[in-house]
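Quick caveat, the model's predicted, so the values are computed rather than measured. Note that the numbering runs from 1 along the sequence shown for the chain.
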Amino acid sequence: MNENRLTAKLISLAILLTAAVLAPAICFATESSPPMPEMRWRMIGPFRGGRTRAAAGVPDQPNVFYVGQVDGGVWKSTDYGRTWNPIFDGQDTQSIGAIAVAPSDSNVIYVASGEGLHRPDLSVGDGIYRTADAGRTWTHLGLRDGQQIPALAVDPSNPNRLFAAVLGHPYGPNGERGIFRSQDGGKTWEKVLYKDENTGGSDIAIDPKNPQIVYAAMWDARLGPWEDRNSYEGTHGGLFKSTDGGTTWKQLTVGLPKDLVQINIAIAASDPNRIYATLSTKEEGAYASSKGLGVYRSDDAGMSWRKITDDPRPAMKIGGGDLPIPRVDPQNPDIVYSTSIVTCKSTDGGQTWT
């Protein structure tokens with residue numbers, strides 16, 4: 001045992017002596033080495049976007065996706081979402097409410113600024129932007145005083161015809177709110193649906209088989225300047241339909257709650273008579289409450305509606321306008337998704353959800 005200890009001590013001493021002898025040489029070599037190359041920053045995480053209101057894919061390019069953070073600009077992926085690159089950093093706002101890729105020309109993309117969620121920590125924007133080269137360059141189009149623009153819809157056959165749902169100022173009244181239409185690629189806008197200075201546009205959808213049919217949602221909402229329970233909502237909004245390309249509108253009420261406050265819709269591309277909606281009413285309770293929330297379905301192009309499920313999860317919201325957004329499978333009208341802080345899926349037309 002003593003011999004083993006002696007051997008270990010001798011080895012340790014040899015290591016120390018060797019290090020002492022070599023230390024000057026090591027220092028000398030370091031001092032004579034060429035200077036280190038210029039240091040550059042790289043992102044190492046966390047790999048998440050935070051709260052995201054806007055997302056879009058390109059049907060004929062399944063590897064390409066765009067997402068817009070509520071205060072983080074627009075990002076693009078060309079490798080199925082594996083890596084993302086910012087494409088909007090040079091613009092005056094980074095608060096994104098909606099992204100729409102023109103179905104007939106995927107190089108034409110519209111971005112609406114202002115997140116469109118009424119929350120204590122919201123960010124406002126300065127209008128709508130357009131790119132004609134898939135995000136390399138951008139042009140500001142106007143609607144600067146809309147501040148919150150949560151939805152866009154582009155004509156499936158005409159990239160220059162589009163609608164914008166403009167929610168308006170979150171903390172007070174203003175006139176630049178409602179549903180706006182452009183027929184020249186956003187160079188000019190006309191207000192085609194307007195209720196009052198307190199009610200703005202919150203959702204917009206074009207029938208994929210008949211672009212003269214347009215659906216629009218209006219939301220009567222206001223925020224206070226304090227944080228806790230600062231949201232005030234009324235029933236002056238509702239769901240509307242136009243059959244003449246947005247020139248005239250009719251409110252849809254049959255089967256919908258009379259105290260409807262907020263509504264998001266989705267049209268089934270394979271059967272445009274099938275429309276899904278998530279909605280909230282004045283009965284809505286505190287945060288994370290399911291009271292006054294629901295998923296509704298129409299099978300006659302919006303003329304009548306019925307509550308399709310008693311499951312509270314696909315309509316659950318956490319307050320501040322975070323009403324889940326429905327989306328329908330493009331080939332199967334019975335497959336529908338509802339997405340908010342979680343995603344639910346139904347394969348039987350909205351009756352049961354997982």
**Item:** Pair Phe88 and Tyr129, ring centroids less than 6.0 Å apart
**Value:** yes

**Message:** Quick one about Thr247 and Arg181 (side-chain donor to acceptor, distance below 3.5 Å, no hydrogens or angles considered), yes or no?
**Reply:** yes

**Request:** Examine distances only and state if a side-chain atom of His236 and a backbone atom of Asn198 form a donor-acceptor pair shorter than 3.5 Å.
**Result:** no

**Spacing of Tyr215 atom OH and Ile204 atom CD1 [to the nearest 0.5 Å]** = 11.5 Å

**Asked** Between Ser202 and Gln262, is any side-chain donor less than 3.5 angstrom from a side-chain acceptor?
**Response** no

**Request:** Say whether, by atom type as modelled, one donor and one acceptor occur between the side chain of Gln351 and the main chain of Asp348 under 3.5 angstrom.
**Result:** yes

**Request:** Indicate yes or no for a side-chain donor-acceptor contact from Ser346 to the backbone of Thr352 under 3.5 Å, with no hydrogens or angles considered.
**Result:** yes

**Prompt:** How many angstroms lie between CZ in Arg136 and CD1 in Ile87, if you round to the nearest 0.5 Å?
**Reply:** 10.0 Å

**Request:** May I ask you to check whether Gln69 and Thr52 show a side-chain donor-acceptor distance below 3.5 Å?
**Result:** yes

**side-chain hydrogen bond (donor to acceptor under 3.5 Å, both in side chains) involving Arg313 - partner list, sequence neighbours excluded** = Asp311

**Message:** Could you check whether any side-chain N or O of Ser106 sits under 3.5 Å from a backbone N or O of Val58, counting only pairs where one atom can act as donor and the other as acceptor?
**Reply:** no

**Fill in**
dist Ile206:CD1 -> Ile267:CD1 (nearest 0.5 Å) comes out at 8.5 Å

**Message:** So which atom in Tyr110 and which in Gly185 form the shortest heavy-atom distance, rounded to 0.1 Å?
**Reply:** OH-CA, 3.4 Å

**Prompt:** Does a side chain donor of either Lys241 or Gln251 reach within less than 3.5 Å of an acceptor in the other side chain?
**Reply:** no

**Prompt:** Which heavy atom of Pro272 sits nearest a heavy atom of Ile275, and at what distance?
**Reply:** O-CG1, 3.9 Å

**Prompt:** Rounded to the nearest 0.5 Å, what separation is found between the CZ atom of Arg119 and the CD atom of Glu115?
**Reply:** 7.5 Å

**Message:** Checking the side chain of Asn264 only, and the main-chain atoms of Leu323 only, is there a donor and an acceptor separated by less than 3.5 Å?
**Reply:** yes

**Asked** Between the main-chain N or O of Ser298 and the side-chain N or O of Tyr276, is there a donor-acceptor pair closer than 3.5 Å?
**Response** no

**Item:** Side-chain (Arg161) to main-chain (Ser182) donor-acceptor, under 3.5 angstrom
**Value:** no

**Message:** Any side-chain to backbone donor/acceptor pair from Ser338 onto Pro314? Under 3.5 Å, distance only.
**Reply:** yes

**Prompt:** Does any donor atom in the side chain of Asp145 or His169 lie under 3.5 Å from an acceptor atom in the other side chain?
**Reply:** yes

